[in-house]
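See structure below.
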Amino acid sequence: MAFTKHHLLRIADLTSRDIELILSTARSLKGISFRSVKKVPALRGKTVLNCFFESSTRTRTSFEIAAKRLSADTINFSSGGSSMSKGESVLDTIRNLNAMQPDIVVMRHQSSGLIGRIAAQVPQCHFINAGDGMHEHPTQALLDAMTIQEAKGKIRGLRVVILGDVTHSRVARSNILLLRKLGAHVRVAGPSTLLPPEVDALGVTHTTSVAAATEGADVVMVLRIQQERLGEFAFPSVREYARYYGLSAQHLERAAPHVVVLHPGPVNRGVELSPDVADGSSSLILDQVENGIAVRMASLYLLSGVREPVQ
Amino acid sequence: MDRVAEILPYRASWHECNDNHFVQSAGAGGAVVERVVNKEPRQIMNEAEMDQAMAKIAREIHKAVGNQDIVLLGIRTRGVPIAEWIAKKFHQLTDKTLPVGVLDINLYRDDLSEVDHQPVVKQTELPVSIHGKGVILVDDVLFTGRTIRAALDAVTDFGRPRFMQLAVVIDRGFRELPIHADYIGKTIKTTLAENVKVSIKGVDGENVVVVKTQK
Amino acid sequence: MSDLFLTNGLVIDPARDVREKINCVIRRGRVAEWTKAKQPPTGVPVLDVDGAVVAPGFIDLHVHFRDPGEEYKEDIASGLAAAAAGGFTSVVCMANTKPVNDCAAVTRYMRHAAQMVDGVRLYPVGAMTRGLAGEALADIGDLAAEGVVGISDDGKTVANTLIMRRAMEYASDFQLPVIVHCEDPHLAGEGVMHEGAVSTRLGLRGRPSASEYLIVERDITLAQLTNARLHVQHVSAREAVEAVRRAKAAKVGVTVEVTPHHLFLTDETLADFDPNYKMYPPLRTEADQTALRRALKDGTIDAIATDHAPHSTLEKEERPIELAAAGVIGLETAVPVSYRLVEERLISLSRFVDLLTRGPAAALRLPHGRLAVGDTADVTVFDPRQQLQIDATQFRSKSRNCPFHGWICHGKVLFTIVGGRICYEARMARSG
């Protein structure tokens, strides 16, 4: 079984076999991070360009560590803060990438779908989407799946709740797609103002009650709530959000035994997640960080072996 | 014809070969008949001969380094059951149990940029620390030596053994690197057009060594 | 030069209920005679159209020529050339130029520039509010005196309902229709595409259908209140077209146009995040498309208009889709693309011509769209038998933001005749 995708742009493009291959490779590579020599020569001589058009420390660092543990050379290119920069011409970016000849480009951008558009124009390198707008964040979904698999031994048949600002969340989109492909039952929950229209078309059910959502759940994935949603009238105050949509230990009492809690980070403790849950025994938040490196190593390793550009 | 039928189960797992040169068709009575285009495969070792070879390797290890703290490291895939086989023979000989580890060398290969797809990586499993111990690498066939070079690098990343040695079932020649085996089940003469295939029951269903000519 | 004998054509003139093989004598830019005679009057040059359709000149109620201000996207000369190539003899030009056409001077400039081209007729629309800001009325009286055919803040919606009421009342004093782009600016917000299952899947902000029909309903209500003439632009949502249907049944003075892209494309085309499928109002669902087509068939919709909105690659391909300009060009594709409606047997050939001639002329009371003796001889000749492949690289428009590139269609425009003068002639017009 070989990986045949030229890019890793979205979970929507992957088959369940692709996903399983990435996850099994990640499991094999995970151990490297726990050796005294945390490096293997697999990507020696390859150049990985981390192109972050949206500020991010955690994901960029995770990719950088992953690339370095595989002996690739990494170059970081960051621009802009959190707002989409109008001045950055897409074609300029493409021309620059063409000139720099990286083997793999890891890119994050505030615009949905933009990385795919750029990748289509730069066929000689492999692209990894590290988050594009509200669209997808495939490596996050893969590391979440790896974490769930480690904790539960499987994904098929699990009842997974995704709680919070689903509308604006690329993490939620990628996770919904991946979990559905691997046979989990997915329920999304949050205030109506933050649930996207016709969300059931993604193969999930939805509810606005955290209590109803978490009842019998095997996994609860809590999404980060952003202050800027206040300006969009999504909820009256952070206090109300915490009170009516935050996840607390009481909710978990009615979940399935051994329920686990995930969060893509950074956590607003006391807002979307109560501190006792975030730091409690059901929390897998630190496992997610560990697995993030493994999944990104697997993605870099597998993509660098794919020769034929798509089309 | 009997010979041909006998090798059928191993067809899918020839060492370093592709099986494009097989012509496969359904014969009378639904049996699958397989023809090799050029020469018929020749059997080098049967199960009993393999068992004798493992015993020989175990004896030689015992003689050379038997009094030291040693670990057998099987190189995935077939090196692993072979290492276990040698350990069993060693145990019969000395009543001493050698620890057996599993080494995956795919991340250390020097031909990663040559292959179309990355090989599937599996975990390396070391039952004990190799630091300061004698490590004996175990593989099925010694050919160019490149796998062993990768294995040497891989082992080094896990610690600093006191020494490393190599045991193989078959040495077929054609080394491309200055590498030799310390323990050899059988040395055979081959041509570059030939493939040497060591089949192991746990992996391939049968214990046998066969040489087959590529087209 | 403005005499012509048009022969061998199938004349379709829905305003006169004509569909027959007959020849046309044009003298001094007007229709002089319809005749079965095969011989031209002495001295009149012959144009043998070889069995193609001869129709009143097509009218596009909705174009944006970026002149003055953004001539690198389109100027009046290139826009009129594109119109001619697309078979249009009259175009109605929106006011969102830079500066905005909210005063007599800009209108005068546009008309002058069009006269210099001396081709397709340009009818300017004046702004409804100063600077299209939605806060104060533009110089509507002056604009009327300068010859605008309506007022519109197209591209934007006047959010303030009182200002909308006053604009309707005041425009009616000058016999001008009010032309409206209907999208509630707050509800549509920063939406990039239609709000629905596809926007949810793609992670793009949505513009709900409600933002459109809410304003359509509001403006119909105000038109009833003020007795103004209302023209609803580029209807896209099924609820919006149903609102217009109800208003027409209630004898409200409302007309409505639809664009080819809303008739032929849906929100699924955004799947690759290509900004060339981004426009406002957005491409909606198949159900909306079906409703628009039904309204086209039952007569609710008065006109097909292009909303020709040129943008350079700087505003389109080079931008993230969220920041890309909205709008597509349509002048050079509208006829062949829309002709598919006839091929699909949704509407008759006569109804097709009606939607490009009598319908739009009546909506804005333009003196065209009919070829009775004495009418101006604006004629479009097109051939439903001829196949063509749309090639955006060959457009006369300066812009390339076309969502129909590569489409294979029938209905090739052969000649565009304005006032008896041939403004455009297709290469290799004769199939023989």
Side-chain angles (χ1 to χ4, degrees), chain A residues 1-6 8 17-47 66-73 103-104 124-126 146 150 294-310, chain B residues 12-13 16 18-20 71 73-77 79-80 101-133 135 137 145-162 164 177 203:
Chain A
M1 190 167 69
F3 196 71
T4 54
K5 300 292 188 293
H6 191 67
L8 180 58
R17 282 175 59 117
D18 293 329
I19 294 167
E20 292 289 5
L21 176 60
I22 296 171
L23 294 180
S24 69
T25 306
R27 283 193 294 274
S28 300
L29 296 174
K30 187 175 177 180
I32 293 169
S33 297
F34 297 91
R35 297 184 193 166
S36 56
V37 179
K38 298 182 182 62
K39 203 179 188 70
V40 294
L43 296 194
R44 205 175 44 181
K46 304 272 187 199
T47 303
K68 290 196 156 136
R69 293 207 169 142
L70 293 171
S71 300
D73 296 313
D103 297 286
I104 299 180
Q124 75 274 22
C125 29
H126 304 282
M146 182 177 175
E150 275 181 357
V295 154
R296 284 159 188 142
M297 285 172 76
S299 307
L300 292 166
Y301 172 74
L302 291 171
L303 279 179
S304 70
V306 178
R307 287 281 163 273
E308 296 304 311
V310 178
Chain B
S13 53
E16 292 179 356
N18 62 51
D19 16 33
N20 293 339
V71 182
L73 279 190
I75 298 172
R76 278 192 197 273
T77 302
V80 180
V102 178
L103 195 63
D104 189 292
I105 55 98
N106 277 317
L107 294 167
Y108 295 83
R109 286 170 57 157
D110 63 0
D111 60 350
L112 279 180
S113 54
E114 317 272 314
V115 295
D116 272 352
H117 294 290
Q118 301 288 52
V120 174
V121 184
K122 296 200 175 128
Q123 246 166 308
T124 287
E125 296 156 20
L126 302 182
V128 292
S129 164
I130 55 163
H131 196 78
K133 299 201 174 75
V135 166
L137 297 170
R146 290 179 188 272
T147 300
I148 305 307
R149 187 213 56 80
L152 293 171
D153 280 354
V155 171
T156 313
D157 278 359
F158 285 95
R160 187 174 179 281
R162 209 168 73 72
M164 272 197 262
L177 294 171
V203 182

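Convention: sequence-line order gives letters A, B, ...; per-chain numbering from 1.
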So, the part of R44(A) with a heavy atom under 4.5 Å from chain B: the answer is neither
Which of V121(B), T124(B), L107(B), D153(B) passes side-chain contact (heavy atoms from CB on, under 4.5 Å) with V40(A)? Answer is L107(B)
Original post:
Side-chain contact, heavy-atom cut-off 4.5 Å: Q118(B) with L43(A)?
Top reply: yes
> Is there side-chain contact between I32(A) and D157(B), with at least one heavy-atom pair below 4.5 Å?
Replying inline: no
Between Y301(A) and P119(B) the two heavy atoms that sit nearest each other are OH-O, 2.8 Å
Honestly, the part of K39(A) sitting under 4.5 Å from a heavy atom of chain B is backbone
